[in-house]
Protein chains: 2
Amino acid sequence: MVPEMTDCVSNNPLSAQDSVLLENQVCFPLYSASNAVIRTYRPLLDKLDLTYSQYLVMMVLWESDGVSVKDVGARLYLDSGTLTPLLKRLEGKGLVERGRSEQDERVRVLKLTEAGVLLKTQALTVPAEMKCKIKLDLDELLLLKKLCEKVISTLEK
Amino acid sequence: MVPEMTDCVSNNPLSAQDSVLLENQVCFPLYSASNAVIRTYRPLLDKLDLTYSQYLVMMVLWESDGVSVKDVGARLYLDSGTLTPLLKRLEGKGLVERGRSEQDERVRVLKLTEAGVLLKTQALTVPAEMKCKIKLDLDELLLLKKLCEKVISTLEK
DNA sequence: CTCTATTCAATTGCACACAATACAAATGAG
DNA sequence: CTCATTTGTATTGTGTGCAATTGAATAGAG
């Protein structure tokens with residue numbers, strides 16, 4: 001057993017047996033909350049004919065149109081295996097054009113269509129509707145955000 | 001616009017335009033953190049030949065063997081569309097038997113095999129290894145857990 | 001300037017999540 | 001007791017996530 005692991009184990013106040021009780025997991029609530037949030041977004045995003053992942057990609061493009069697949073992936077922590085088919089669906093809906101960079105032929109340059117730009121208008125009410133459903137104080141929301149970001153920055157290294 | 005929604009909107013300190021900035025989303029870090037955690041579990045669970053979802057199901061069964069598909073679903077907030085194929089895979093690995101209740105023929109009774117019971121021994125080190133990788137204080141972990149549980153209890157109603 | 005290494009995206013394969021639907025077993029109102 | 005309703009699983013179809021592999025384009029070492 002590596003030293004760091006031993007340290008971690010020794011700091012764990014739970015017995016080994018109790019450690020695999022669902023009740024004592026932190027990651028399970030995180031996973032369930034994420035699932036629950038995506039489920040809750042669904043009826044809101046159905047009006048825009050977007051899935052949650054597609055909505056995330058659209059947010060990136062509304063913010064910085066003309067970026068590459070890699071850029072979107074870096075922003076959303078998703079790889080081309082996830083993004084390529086997703087972007088093809090957005091292209092199929094007429095929201096995005098998947099062009100090529102002139103400097104580097106390998107790079108896909110993602111450009112919003114007029115419909116893609118216009119969809120932002122319909123999306124503006126979504127965050128407020130979601131905030132309404134989730135019923136957490138602003139303090140709690142910001143704290144949750146900060147803790148999740150800390151988890152991400154630790155694990156993404 | 002429904003009244004409750006108006007209330008939520010008016011409490012939102014962000015402009016409508018800023019509301020769809022990725023930076024201002026709470027759910028995105030939650031979603032990314034959940035993905036990052038599952039990715040981090042992968043190499044640990046590969047040793048047990050389990051996916052994260054399968055690991056969750058096994059934890060339920062280690063805790064309460066002999067329950068039904070519905071019981072597992074209620075515990076993990078998952079439905080039969082997710083659980084049926086997952087349980088068939090666990091059955092295929094020889095970890096679980098998918099029997100029938102004698103009282104009610106519709107009910108699948110899930111019973112751990114000897115191998116399924118024994119796998120718990122190998123799983124005992126996983127939580128400590130994970131805690132080591134996630135590098136959060138116990139305080140932060142408990143706070144994150146509590147906030148996620150609050151999100152779940154609000155959205156699952 | 002050539003050849004190798006790296007990079008960006010696409011593809012493939014597997015395992016979820018989940019809505020929608022189907023279906024058989026059990027329940028219950030009349 | 002009977003049949004409509006409810007309940008517990010299973011099935012189907014769509015859309016992710018992600019590892020692994022491939023392939024083409026570029027960059028870099030010599």
Side-chain angles (χ1 to χ4, degrees), chain A residues 28 31-46 48-58 67-74 76-93 96 98-110 152 155-156, chain B residues 28 31-43 45-46 49-58 67-74 76-93 96 98-110 152 155-156:
Chain A
F28 167 59
Y31 155 89
S32 293
S34 174
N35 285 345
V37 160
I38 293 174
R39 266 197 303 275
T40 307
Y41 263 112
R42 198 179 303 266
L44 306 180
L45 294 178
D46 277 350
L48 313 187
D49 188 29
L50 291 177
T51 65
Y52 183 64
S53 308
Q54 292 167 8
Y55 172 64
L56 290 177
V57 170
M58 290 303 289
V67 296
S68 69
V69 173
K70 191 193 175 184
D71 294 332
V72 174
L76 300 180
Y77 312 100
L78 295 173
D79 73 355
S80 70
T82 302
L83 290 175
T84 296
L86 190 158
L87 287 164
K88 284 184 178 175
R89 278 178 213 113
L90 290 179
E91 185 182 40
K93 294 178 192 187
V96 169
R98 298 166 61 246
R100 292 276 187 195
S101 164
E102 297 192 356
Q103 293 81 26
D104 188 336
E105 277 294 316
R106 292 169 305 181
V107 176
R108 281 273 184 206
V109 171
L110 306 169
I152 295 165
L155 297 184
E156 286 297 324
Chain B
F28 167 59
Y31 156 88
S32 293
S34 173
N35 285 344
V37 160
I38 293 175
R39 268 197 302 274
T40 306
Y41 263 112
R42 197 179 305 266
L45 294 178
D46 276 351
D49 188 29
L50 291 177
T51 65
Y52 182 64
S53 307
Q54 290 168 8
Y55 172 63
L56 290 176
V57 170
M58 290 303 288
V67 295
S68 69
V69 173
K70 190 191 175 186
D71 294 332
V72 174
L76 300 180
Y77 311 101
L78 295 173
D79 72 357
S80 71
T82 301
L83 290 175
T84 296
L86 190 159
L87 288 164
K88 284 183 178 176
R89 279 177 214 114
L90 290 180
E91 186 182 39
K93 295 177 193 187
V96 170
R98 300 166 58 248
R100 292 278 187 193
S101 163
E102 296 194 355
Q103 294 79 28
D104 187 337
E105 275 295 315
R106 293 168 305 179
V107 175
R108 282 273 183 208
V109 172
L110 305 169
I152 296 166
L155 297 183
E156 285 298 324

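Here is the naming used below: chain letters follow the sequence lines, and residue numbers restart at 1 for every chain. Quick caveat, the model's predicted, so the values are computed rather than measured.
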Rounded to the nearest angstrom, tell me the gap between atom [atom1] in [X] and atom [atom2] in [N].
X: Leu50(B); N: dC16(C); atom1: CG; atom2: P; result: 10 Å
X: Leu45(B); N: dA19(D); atom1: CG; atom2: P; result: 13 Å
X: Asn35(B); N: dC18(D); atom1: CG; atom2: C1'; result: 10 Å
X: Lys93(A); N: dT14(D); atom1: NZ; atom2: P; result: 13 Å
X: Tyr41(A); N: dC18(C); atom1: OH; atom2: P; result: 16 Å
X: Leu76(A); N: dG15(D); atom1: CG; atom2: C1'; result: 16 Å
X: Leu78(B); N: dC16(C); atom1: CG; atom2: P; result: 10 Å
X: Asp46(A); N: dA19(C); atom1: CG; atom2: P; result: 10 Å

Within less than 4.0 Å of OP1 or OP2 of [N], is there a side-chain N or O belonging to [X]?
X: Arg39(A); N: dC18(C); value: yes
X: Arg42(A); N: dA17(C); value: no
X: Ser53(B); N: dA17(C); value: yes
X: Arg89(B); N: dC14(C); value: no
X: Gln54(B); N: dC16(C); value: yes
X: Tyr31(A); N: dA17(C); value: yes

query = Which sits closer to the 5' end of DNA chain C, Ile38(B) or Glu102(B), going by the nucleotide each is nearest to?
reply =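 So the residue in question is Ile38(B).
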task = For residues Arg106(B) and Arg100(B), report the shortest heavy-atom separation together with the two atoms involved.
result =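 For Arg106(B) versus Arg100(B), the nearest heavy atoms are O-NH1, 3.3 Å.
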query = Minimum heavy-atom separation for Val96(B) to Met58(B), with atom names?
reply =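 Nearest pair, atom of Val96(B) first, then Met58(B): CG2-SD, 4.1 Å.
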ask   = Is the number of heavy atoms from other residues, nucleotides or ligands within 6.0 Å of NZ (Lys70(B)) greater than 12?
value =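 No - once you tally the heavy atoms of other residues, nucleotides and ligands closer than 6.0 Å, there are 12 at most.
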query = CD of Gln54(B) to CG of Leu45(B): how many Å apart, nearest 0.5 Å?
reply =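 If we round to the nearest 0.5 Å, Gln54(B):CD and Leu45(B):CG are 9.0 Å apart.
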Rounded distance [0.5 Å steps], CZ in Arg108(B) versus OG in Ser80(B) =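 Rounded to the nearest 0.5 Å, the CZ-OG separation comes out at 11.5 Å.
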ask   = Among dA17(C), dG17(D), dT26(D), which is the nearest nucleotide to the side chain of Glu105(A)?
value =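 So the side chain of Glu105(A) is nearest to dT26(D).
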Without placing hydrogens or testing angles, list every side-chain donor-acceptor pair under 3.5 Å for residues 32-40 of chain A, not counting sequence neighbours.
unit_1: Ser32(A); atom_1: OG; unit_2: Phe28(A); atom_2: O; d: 3.2
unit_1: Arg39(A); atom_1: NH2; unit_2: Glu156(B); atom_2: OE2; d: 2.4
unit_1: Thr40(A); atom_1: OG1; unit_2: Ala36(A); atom_2: O; d: 2.7

query = Does Asp79(A) use its side chain to pair, donor to acceptor, with the backbone of Thr82(A) at less than 3.5 Å?
reply =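 Answer holds: yes.
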task = Could you encode protein contacts along nucleotides 1-11 of chain C as a string, one character per nucleotide from 5' to 3', using B for base contact, S for sugar-phosphate-only contact and - for no contact, with a heavy-atom cut-off of under 4.0 Å?
result = ------BSSBB
